[in-house]
There are 2 protein chains.
Amino acid sequence: MTINKTFDALADETRRKILELLKKKDMAVNEIAVNFSITLPSLSHHLSILKNANLVTARRRGQQIIYSLNLSVFEEAAKEIYNLFKIKNNKKV
Amino acid sequence: MTINKTFDALADETRRKILELLKKKDMAVNEIAVNFSITLPSLSHHLSILKNANLVTARRRGQQIIYSLNLSVFEEAAKEIYNLFKIKNNKKV
DNA sequence: TTATTATTTAGATAGTTGTCTAAATATCTA
DNA sequence: TAGATATTTAGACAACTATCTAAATAATAA
C-alpha cells in the first residue's frame with residue numbers, strides 16, 4: 001500500500017497496459033495474454049507485482065484466475081499521486 | 001514529454017523527494033544535496049533525469065545552477081496521471 | 001485415474017540503473 | 001592568471017528487474 005510500491009508498479013509500460021485493459025472489463029490471464037508478446041510466466045510476474053501493490057485483485061473461476069482492478073485502492077492511489085504533486089505554495093529564490 | 005519518461009522519473013524515491021523539496025522553493029544543487037546522503041554526481045544524475053522528463057528546469061546564477069519545478073508541465077503530468085487511471089466504465093465479467 | 005488446460009513458481013541470464021571515484025567544465029575571487 | 005567553489009561528465013561496478021525455459025500446482029474432462 002505504500003506510495004513506493006504504487007510507483008514501482010506503474011513505472012512499467014506492460015503493467016500500465018494491463019491496467020488499461022482491466023479498465024474495460026475483468027479478464028483471465030490467458031485473455032490478457034493475447035494482448036502481449038511475452039510468455040505467460042512473464043505476464044504472471046507483472047500481475048503479481050500489480051497484485052502486491054493492491055492495484056488489482058484475483059479470484060478463481062474454475063481453471064481460470066480472473067483479474068480485476070481494485071477500484072477503491074486504485075482511485076485512492078490516483079488521488080494520492082495527484083495530491084503528491086499538486087503545487088501548493090511555490091516561492092522563487 | 002512521454003508518459004513513459006514521466007513515470008520512469010517518478011519511480012525513484014530520491015527523485016520524488018527532490019520534487020517535494022522544490023515545491024517549497026527553487027534550490028541550487030548544493031542546497032538540495034544537504035537533504036541526501038548520496039554524492040553530488042549521483043544527485044546530478046537524478047536531476048538530469050528529472051530535467052529530461054521536463055519536470056524541472058535549470059538556470060545558472062553565478063557559480064550555481066538553480067533548479068525549479070517546471071510548473072506547467074508538472075501540473076499537466078499530474079493531471080495526465082490522474083486521468084490515465086480514472087475509471088470510466090468498468091464491467092464485471 | 002490419466003490427460004488436458006490454466007496459471008504460477010523456480011532458477012538462470014541479460015539489460016538497466018543507481019551509485020561511486022576521478023576528471024572535466026564553468027564561474028568567481030584574489 | 002591562479003586558486004577556490006559549484007556542478008557535470010566519464011567510466012566502472014553492484015544490485016535490480018524483466019525475460020526466458022522447465023517444472024510444479026490446480027481444476028476440469030475423458
Side-chain angles (χ1 to χ4, degrees), chain A residues 2-22 25-70 92-93, chain B residues 1-22 25-70 77 92-93:
Chain A
T2 69
I3 192 72
N4 269 9
K5 271 191 187 172
T6 306
F7 274 109
D8 282 348
L10 296 179
D12 182 86
E13 192 166 14
T14 298
R15 292 194 288 268
R16 291 198 302 274
K17 195 173 162 192
I18 292 170
L19 294 172
E20 284 287 347
L21 287 170
L22 293 179
K25 59 169 182 160
D26 298 359
M27 289 171 104
V29 177
N30 58 357
E31 194 178 358
I32 297 172
V34 299
N35 296 278
F36 298 93
S37 53
I38 58 176
T39 62
L40 278 165
S42 297
L43 179 58
S44 183
H45 167 71
H46 287 302
L47 289 170
S48 92
I49 288 169
L50 290 171
K51 203 164 44 176
N52 204 247
N54 271 305
L55 291 168
V56 303
T57 57
R59 65 179 189 279
R60 180 174 284 279
R61 186 186 61 182
Q63 284 165 283
Q64 296 180 309
I65 308 284
I66 310 294
Y67 279 83
S68 323
L69 287 183
N70 189 5
K92 295 285 174 190
V93 168
Chain B
M1 248 284 279
T2 69
I3 191 71
N4 269 9
K5 272 191 187 172
T6 306
F7 273 109
D8 282 347
L10 296 179
D12 182 86
E13 192 166 15
T14 298
R15 292 195 286 271
R16 290 197 303 273
K17 195 173 162 192
I18 292 170
L19 294 172
E20 284 287 347
L21 288 169
L22 293 179
K25 58 168 183 162
D26 298 359
M27 289 172 102
V29 178
N30 58 357
E31 195 180 357
I32 297 171
V34 301
N35 296 278
F36 298 94
S37 52
I38 58 175
T39 62
L40 277 165
S42 296
L43 179 57
S44 184
H45 167 71
H46 287 303
L47 288 171
S48 93
I49 288 170
L50 290 171
K51 203 164 42 177
N52 204 248
N54 271 305
L55 291 168
V56 304
T57 57
R59 65 180 189 277
R60 180 173 283 280
R61 187 186 61 181
Q63 285 165 283
Q64 296 179 309
I65 309 284
I66 310 293
Y67 280 83
S68 323
L69 287 183
N70 188 6
K92 294 288 176 189
V93 169

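As the structure is a computational prediction, the values presented were derived from the model and not from experiment. Atoms considered below: every heavy atom in the structure, side chains included; atoms not considered: hydrogens, waters and symmetry mates. Reminder, nothing fancy here: chain letters follow the sequence lines and each chain counts from 1.
For a distance-only test at 3.5 Å, the side chain of A:Q63 fails to qualify as a donor-acceptor partner of the base of D:dT28.
B:A9 and B:R15 get closest at one heavy-atom pair: O-NE, 2.8 Å. Residue B:G62 comes nearest to B:R60 through the heavy atom pair O-NH1, 3.0 Å, listed as atom of the first residue, atom of the second, then distance. Here the shortest heavy-atom pairing between A:A53 and A:K5 reads CB-O, 3.8 Å. Closest of all the heavy-atom pairs between B:Y67 and B:A58 is CE2-CB, 3.7 Å.
Heavy-atom distances under 4.0 Å link DNA chain D to B:L40, B:P41, B:S44 of residues 35-47 of chain B, given in residue order. Near DNA chain C, meaning a heavy atom under 4.0 Å from it, residues 8-16 of chain B has B:D12, B:R15 in order of number.
Other residues, nucleotides and ligands contribute only 12 or fewer heavy atoms inside 6.0 Å of the CD atom of A:E13.
In this structure, B:R60 atom CZ and D:dT7 atom P are separated by 8 Å, rounded to whole Å. Counting to the nearest Å, the C1' atom of D:dA18 and the CZ atom of B:F7 are 18 Å from each other. Look at CD1 on A:I18: it is 11 Å from P on D:dA18, rounded to the nearest Å. The CD1-P distance, from A:I49 to D:dC16, rounds to 14 Å in whole Å. In this structure, B:K51 atom NZ and D:dT7 atom P are separated by 12 Å, rounded to whole Å.
Read 5' to 3', the first and last nucleotides of DNA chain C with an atom closer than 4.0 Å to a heavy atom of chain B are C:dG18 to C:dC28.
Contacts of B:I32 with the nucleic acid, taken as non-hydrogen atoms under 4.0 Å apart, are absent.
Considering CG of B:N35 and NZ of B:K17, their distance stands at 6.0 Å, rounded to 0.5 Å.
Considering A:N70, A:I18, A:I49, A:L22 in turn, A:L22 is the only one that fulfils the side chain to side chain contact (heavy atoms under 4.5 Å, CB included) rule with A:V56.
No donor-acceptor pair closer than 3.5 Å links the side chain of B:D26 to the backbone N or O of B:I66.
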